[in-house]
Every structure is written in structure tokens, then in C-alpha cells.
Amino acid sequence: MGLMDFIKKQFIDILEWTESGDGVLAWRYPMAGNEIQYGGSLTVRESQMAVFVNEGKVADVFGPGMYKLTTSTLPVLTYLKNWDKLFQSPFKSDVYFFSTRQQVDQRWGTSQPVTIRDKDFGAVRLRAFGNYSYRIVDPKRFHTEISGTRDLYTVADLDGQLRGLMLQHISDAVASSGVAFLDLAANQIEFARALQEATAPSFEALGLKLESVTMQNVSLPEELQKILDQKIGMGMVGGDMGKFMQYQTAQSIPKFAEGAGQGGSVAGDAMGLGAGVALGQVLAGQLSQGLQSQPAATAATAAGAIRPEDVMATLEKLGELKAKGILTQEEFDAKKGELLKKLV
């Protein structure tokens with residue numbers, strides 16, 4: 001190199017990174033062929049780390065603080081370059097800065113239902129959505145495994161990979177949470193905690209720490225959602241069968257009105273609705289009588305006996321329903337036969 005080239009050559013004496021916005025994970029200091037001044041200053045701000053890389057090999061790693069770049073503060077680089085104690089010349093090295101701030105409000109979710117195994121229902125399909133946050137804790141590993149020699153590496157570049165890791169561990173989270181499948185929607189915090197524990201090791205392998213996971217919604221398959229709705233309905237009426245029949249009847253009224261509005265048979269729908277209400281009342285009455293019986297009557301019922309007056313009262317109610325056209329003759333005869341068998 002000629003004298004004029006040496007004079008024109010600029011030496012970098014201050015190394016620092018001022019983040020201009022959010023979403024940047026790694027940034028390479030633009031050397032442009034320049035050398036670093038021996039004794040220059042390195043400033044690493046809070047929520048940052050810096051890494052010196054020599055010919056593709058990670059050398060020294062710096063946490064927050066201000067450093068004077070000498071052989072004492074660059075022991076690994078000194079070893080790699082075989083500098084002696086008297087070395088004081090400008091030197092070349094790649095310098096990367098990493099943001100260690102939490103990257104918050106990252107979204108994860110199942111674009112398609114995920115099949116998992118449940119002890120009660122076997123194979124079921126689940127959809128779930130939520131947020132998570134993470135940060136870089138090991139810049140050396142992150143540089144080696146993820147960002148490499150790129151000038152800039154952003155949160156968006158990593159989004160697909162991390163989202164895939166979250167979805168990959170949903171089945172493990174359901175199994176380890178110990179929460180019944182039907183109770184997942186009501187135990188979102190426990191499910192989120194299990195998902196975080198199941199996914200954290202995969203993040204660590206990339207030099208990241210999974211700081212938090214939140215669950216916003218769990219969607220059950222339609223058939224299981226109906227079972228859950230019935231379970232909730234029973235809970236609302238305290239297990240009272242009569243009230244539950246009234247609850248189901250109230251739920252069916254909008255469907256009845258919708259059918260009538262679409263040209264359905266109003267008489268037929270009303271007949272079915274009335275029969276459902278009437279049968280519900282009969283069954284509820286029988287259940288209530290059984291629950292309110294004296295201990296002696298309870299013992300007799302457990303032995304298979306039934307009071308004749310109860311059978312006659314029930315038959316009278318069924319006869320009234322048949323007379324009004326709510327029950328058919330076949331339905332009346334079938335129920336009568338069941339009741340008469342209990343007297344034998």
C-alpha cells in the first residue's frame with residue numbers, strides 16, 4: 001500500500017449502534033474496508049451486545065458498557081491474530097451489534113386445525129391463537145445459528161421459524177398441562193404456561209429466551225363445542241333436570257322461529273316443541289318425586305319398587321297429552337307399557 005493510500009485510509013475510532021426503530025435483531029457495523037484504530041472506543045448500550053468476528057470465527061463478546069479496544073479487552077481476537085504485547089496498530093475485524101430487548105406482541109396461531117390426542121375423545125382437532133415475546137440472550141449462538149454474515153437481521157425474518165416452533169409443541173403442551181380437553185378454553189393460563197415450557201428449549205437452541213406466552217382463544221371442534229355448551233347449561237341450572245329441560249326448550253325457540261320463517265311446518269314444529277316441553281315436565285316430575293321421597297321410599301325404589309299412585313298419576317298426565325294431540329297413540333302405549341312393567 002502506497003503512502004497516499006495509507007494517508008487517505010480512514011481509521012474507525014468509535015464503534016456504536018443507535019437503533020433507529022423497532023424490529024432489528026442484528027446489525028453489522030459498516031466497515032467499508034476500513035480498519036479499527038487500536039485504542040478506539042466501543043460503546044454498547046443497555047439492551048445491546050456486541051460481537052467481534054475474525055475471519056468467520058466469533059471472537060470477543062461484549063455486554064453493556066464502554067470499552068477501550070486493546071489487547072487486554074480483546075483477548076480472543078489477540079489470540080486469533082497472534083498479536084504480541086507491543087501490538088498497537090490498526091486492525092480489521094467484523095463487528096456485529098445485537099438487540100437484547102424483548103420482542104413483544106409476536107403472534108402465533110394455527111392456520112389449520114391441529115390434530116392432538118385426548119384421553120377422553122381420542123384424536124381431536126384444535127385451533128388456538130395467542131401472543132409471545134422473546135429476546136436474544138446468547139448473541140454468539142444466534143450469530144452462528146441464525147443471522148450469520150447478513151448486514152441486517154430483523155424480527156420479520158425470524159417470524160415464520162418461531163411461529164412454527166410454537167405450533168410444533170401444541171400437542172406436547174396439551175399433554176403436559178393435565179387439563180381436560182373440554183376445559184382448555186377455561187384454563188388458558190395453564191395451557192399457555194405448558195406451551196411456554198414445552199417450546200423454551202427450542203428457543204434456547206437458537207440463542208433466544210422465550211419470555212412469555214399468552215393464549216387469546218381456543219376453538220373446539222363443533223361437535224365438542226355442543227357437549228361443552230350442554231355442560232355449561234347444566235351448570236347454570238345447578239343440575240336440576242326440570243330447569244335444564246326448560247333451558248333446552250328456550251334454546252330451541254329461535255330455531256323453531258327460523259324454521260317457520262323459511263316456510264317450514266309451523267304446526268309440526270310446534271307439535272314437536274310442545275311434546276318436548278311436556279315430556280320434559282313429566283320426566284322432571286318423576287325425578288323430583290324420586291329425590292323428595294322419604295328414606296323408606298328411597299330404599300324401596302332402589303330395590304326396584306314403585307308406588308301405584310305415582311304410576312296412575314303419570315298415566316293420567318300422559319293421557320291428557322294424548323287427548324290434546326301432543327302424544328301419538330304409539331308413544332302413549334309405549335310409555336304406558338314401561339310404567340306398568342314397574343308394577344310387576
Side-chain angles (χ1 to χ4, degrees), residues 12 15-34 36 42-64 76-77 92-112 114 127-173 192 195-217:
I12 300 173
L15 291 169
E16 61 181 351
W17 178 35
T18 303
E19 299 178 57
S20 58
D22 297 328
V24 177
L25 295 174
W27 177 73
R28 180 180 181 179
Y29 191 94
M31 292 296 179
N34 297 324
I36 302 172
L42 170 67
T43 301
V44 182
R45 292 174 170 80
E46 292 289 345
S47 74
Q48 292 180 357
M49 295 188 77
V51 173
F52 279 70
V53 178
N54 176 64
E55 297 179 354
K57 294 183 179 180
V58 176
D60 300 279
V61 179
F62 294 87
V76 179
L77 190 62
K92 285 187 175 182
S93 176
D94 292 323
V95 181
Y96 295 86
F97 286 87
F98 297 85
S99 174
T100 58
R101 292 187 296 152
Q102 279 200 53
Q103 306 300 325
V104 299
D105 197 26
Q106 305 301 307
R107 309 295 178 88
W108 66 270
T110 54
S111 57
Q112 298 293 332
V114 177
R127 297 192 69 174
F129 305 89
N131 297 349
Y132 68 98
S133 64
Y134 67 93
R135 71 168 79 237
I136 295 177
V137 293
D138 188 344
K140 180 179 180 179
R141 176 172 293 182
F142 185 81
H143 171 81
T144 303
E145 300 291 337
I146 300 296
S147 61
T149 60
R150 290 180 53 172
D151 293 335
L152 192 71
Y153 201 90
T154 67
V155 171
D157 294 326
L158 194 57
D159 179 68
Q161 172 70 14
L162 298 185
R163 185 179 302 178
L165 291 178
M166 298 291 293
L167 300 181
Q168 179 181 339
H169 292 87
I170 284 183
S171 298
D172 298 335
L195 181 57
Q196 180 177 356
E197 292 180 355
T199 312
S202 297
F203 275 64
E204 292 176 5
L206 303 178
L208 306 173
K209 180 181 180 182
L210 182 59
E211 292 286 356
S212 65
V213 176
T214 60
M215 185 76 60
Q216 292 183 341
N217 180 56

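These figures come from a predicted structure and were not determined experimentally.
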Donor-acceptor pair, side chain of Arg141 and main chain of Glu204, under 3.5 angstrom: yes
Donor-acceptor contact present, side-chain Arg135 to main-chain Lys209, <3.5 Å: no
Within this structure, what is the [atom1]-[atom2] distance for the pair [X] and [Y], rounded to the nearest 0.5 Å?
X: Leu42; Y: Leu15; atom1: CG; atom2: CG; value: 6.0 Å
X: Leu210; Y: Gln196; atom1: CG; atom2: CD; value: 5.0 Å
X: Met166; Y: Leu195; atom1: CE; atom2: CG; value: 4.0 Å
X: Gln161; Y: Leu165; atom1: CD; atom2: CG; value: 5.0 Å
X: Leu25; Y: Tyr134; atom1: CG; atom2: OH; value: 4.5 Å

Which residues share a side-chain contact (heavy atoms from CB on, under 4.5 Å) with Glu197, sequence neighbours left out: Arg193
Pair Glu16 + Arg45, salt bridge at N-O below 4.0 Å: yes
Got a salt bridge between Glu19 and Arg101, using NZ or NE/NH1/NH2 to carboxylate O under 4.0 Å? yes
Determine, stepwise, if the pair Phe142 / Leu158 fulfils side-chain contact (heavy atoms from CB on, under 4.5 Å). CA-CA 11 Å; Phe142 185 81; Leu158 194 57; 4.0 Å; yes
Mind listing the side-chain donor-acceptor pairs of residues 56-64 below 3.5 Å, one per line with the distance, residues two or more places apart or on another chain?
unit_1, atom_1, unit_2, atom_2, d
Asp60, OD1, Val76, N, 3.0
Asp60, OD2, Leu77, N, 2.9

Does the side chain of [Y] come within less than 4.5 Å of [X]'s, by heavy atoms?
X: Tyr96; Y: Ser147; answer: no
X: Trp108; Y: Met215; answer: yes
X: Gln103; Y: Thr154; answer: no
X: Ile36; Y: Lys92; answer: no
X: Phe97; Y: Thr18; answer: no
X: Ile12; Y: Val95; answer: no

Shortest non-hydrogen separation from Ser99 to Val24 and the atoms involved: CB-O, 3.4 Å
Nearest atoms (heavy-atom pairs only) where Asp94 meets Arg28: OD1-NH2, 3.2 Å
State whether the number of non-hydrogen atoms from other residues, nucleotides or ligands found under 6.0 Å of Asp22 atom CG is greater than 12. no
Using ring pair (Phe, Tyr, Trp, His ring centres under 6.0 Å) as the criterion, point out the one residue from Trp27, Tyr29, Phe98 that pairs with Trp17. Trp27
Quick check on side chain to side chain contact (heavy atoms under 4.5 Å, CB included): which of Ile136, Leu206, Asp157 does Ile146 satisfy it with? Leu206
We want to know whether Ser133 and Gln102 form a side-chain donor-acceptor pair, criterion being a heavy-atom distance below 3.5 angstrom. yes
